Amino acid sequence: MKKKVGLVGWRGMVGSVLLKRMIKKKDFNKFISIFFSTSEVGKKNPFNFSYSNKILKDAYNIEELKELDIIITCQGSAYTNKIYPLLRFSGWSGYWIDAASDLRMKKDSLIILDPINKKNIINSINNGIKTFVGGNCTVSLMMLALGGLFKNNLIEWISFSTYQAASGGGSGYILELLKQMKYLNKSLLNNLKNLESILNVEKILTKITKNDSFPTNFSIVPLIINLIPWIDSSLKNGQSKEEWKMESETNKILCRSNTNKILIDGTCVRVNSLRCHSQSFLIKLKKNINLNEIEKIISNHNKWVRIIPNNKEFSMKKLTPLSVTGTLNIPIGRIRKLSLGPKYLSAFSIGDQLLWGAAEPLRRMLKFLI
Ligand code: NAP
């Protein structure tokens, strides 16, 4: 019998990328899909799949949700925190697949990234685990890029800097970046006569972005012509929560305990690219291995990682958000030994945070279950 799968949060950034992938891979023939909404209950389901509901159901209705075998949600933390405990308390023992971060570190949930932990996913299903959560986007992208080094236990520690796209903050955040672009453009057009000198342009743009009416509800400060070196909430130790996730989630995925964890720390930065997260790594290796061997280990790990030769032309063409967006490719370049010593490696990697960083691990998890 076909399983009943509830979809929540399919209208958002992650949800719509997930649906697109599922349609492309013809996943909807394999189960009965039931579409829920938090804002458009009772409206027509925009998707016309053979095994699907015609009218959108209420994503807050526990009785309806209890009928499902699997729920896959990309709705976000507020929804997960409200509905998940109520559903479990009601006795529902179906599978919960989630893009939000809240359940990742719970004992009875698994962070899913099957090119890294497929065995653990299968064992967990067999052992009765029912909650599966996609990892933080930069964590998943880092693990795919450096998977060979993790697998061969070659990493002593990693220091990172991230360059995370606006769409990582969700639909509201990216819409606001677009509004900021429009606002600047309009002001530039109004000031065309002052644009002859570059310094004048710089002055005008800076003044406009500092104006009280400049749209910054989501980003708090302007993101356009700027960057923001803080993502997510603050922790007492001075880290942002996004930075904390890198070490804690990576080690949970690798099943490493506190005593043998890989140390990973650095700075997470929001930049004004539209899509794709980039990351720069400084890696201390456990032993001195030559660059050819390192590149082989990295590229043999999975079929999405791509070694980009460390030269200007390839780096500019193949190692940018624009060259990666909308693909599952994980290019990694700028690979070289640092002057700090033969065990110090630098690398730069990019991935589409809406695909491998969010939607794709969820889609593949659903496939394991059906
Ligand atoms: P999002 O785009 O803000 O969508 C979440 C929900 O917001 C949608 O399902 C929709 O719910 C509602 N919404 C409000 N205004 C909308 C609009 N203009 N367009 C579309 N939907 C709108 O959030 P998201 O980025 O997909 O993130 C979902 C979850 O995945 C979060 O927990 C996030 O932390 C996590 N995540 C995100 C990323 C990323 O790169 N964005 C990466 C990894 C994990 P209704 O249809 O019910 O109104």
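The model shown is predicted, which means the values in this text are computed figures rather than measured ones. Each ligand, and each atom within it, is numbered from 1 in the order the structure gives. Positions are given from 1 along the sequence.
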Nearest protein heavy atom with distance in Å, relative to [atom]:
| atom | value |
| --- | --- |
| atom 41 (N) of ligand 1 | S167 O, 3.0 Å |
| atom 42 (C) of ligand 1 | A358 CB, 3.6 Å |
| atom 44 (C) of ligand 1 | A99 O, 3.7 Å |
| atom 2 (O) of ligand 1 | S171 OG, 2.4 Å |
| atom 47 (O) of ligand 1 | T38 OG1, 2.4 Å |
| atom 6 (C) of ligand 1 | Q75 NE2, 3.5 Å |
| atom 4 (O) of ligand 1 | G12 CA, 3.2 Å |
| atom 18 (N) of ligand 1 | L175 CD1, 3.7 Å |

Report yes if some N/O of [X] lies less than 3.5 Å from some N/O of ligand 1; otherwise report no.
| X | result |
| --- | --- |
| R11 | yes |
| S101 | no |
| G169 | no |
| G135 | no |

Whether the [X] and [Y] side chains hold a donor-acceptor pair (N or O, under 3.5 Å, no angle test) is what I'd like checked.
| X | Y | answer |
| --- | --- | --- |
| Q353 | S167 | yes |
| E202 | T206 | yes |
| E313 | N311 | no |
| T80 | D98 | yes |
| R306 | N329 | yes |
| N217 | E176 | no |

For [X], take its heavy atoms, then give the atoms of ligand 1 lying under 4.0 Å from any of them.
| X | result |
| --- | --- |
| S39 | 45 (P), 46 (O), 47 (O), 48 (O) |
| Q353 | 40 (O), 42 (C) |
| G9 | 9 (O) |
| L354 | 39 (C), 40 (O), 41 (N) |
| S37 | 47 (O) |
| A100 | 32 (O) |

Please work out whether the ring planes of Y163 and F348 are parallel, tilted or perpendicular, with thresholds of 30° and 60°.
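Rings of Y163 and F348: tilted, as their planes differ by 30° to 60°.
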
Which label fits F49 and F47: parallel for a plane angle under 30°, tilted from 30 to 60°, or perpendicular past 60°?
parallel

Taking T131 as the fixed residue, which of K106, R104, R88 is the one that meets the side-chain hydrogen bond (donor to acceptor under 3.5 Å, both in side chains) rule?
R88

Under 4.0 Å and counting heavy atoms only, is there anything from the protein next to atom 34 (O) of ligand 1?
no

Please indicate, with yes or no, if any protein heavy atom is found under 4.0 Å from atom 37 (C) of ligand 1?
yes

Determine the sole option in S273, S349, P321 for which the side-chain contact (heavy atoms from CB on, under 4.5 Å) test with S278 is passed.
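Looking at S273, S349, P321, the match for S278 under the side-chain contact (heavy atoms from CB on, under 4.5 Å) is P321.
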
Among G357, G76, S16, which one has a heavy atom closest to atom 32 (O) of ligand 1?
G76

[X] atom [atom1]: more than 12 heavy-atom contacts under 6.0 Å:
| X | atom1 | result |
| --- | --- | --- |
| Y60 | OH | yes |
| K286 | NZ | yes |
| K118 | NZ | no |

Is the closest heavy-atom distance from C74 to ligand 1 below 4.0 Å?
yes

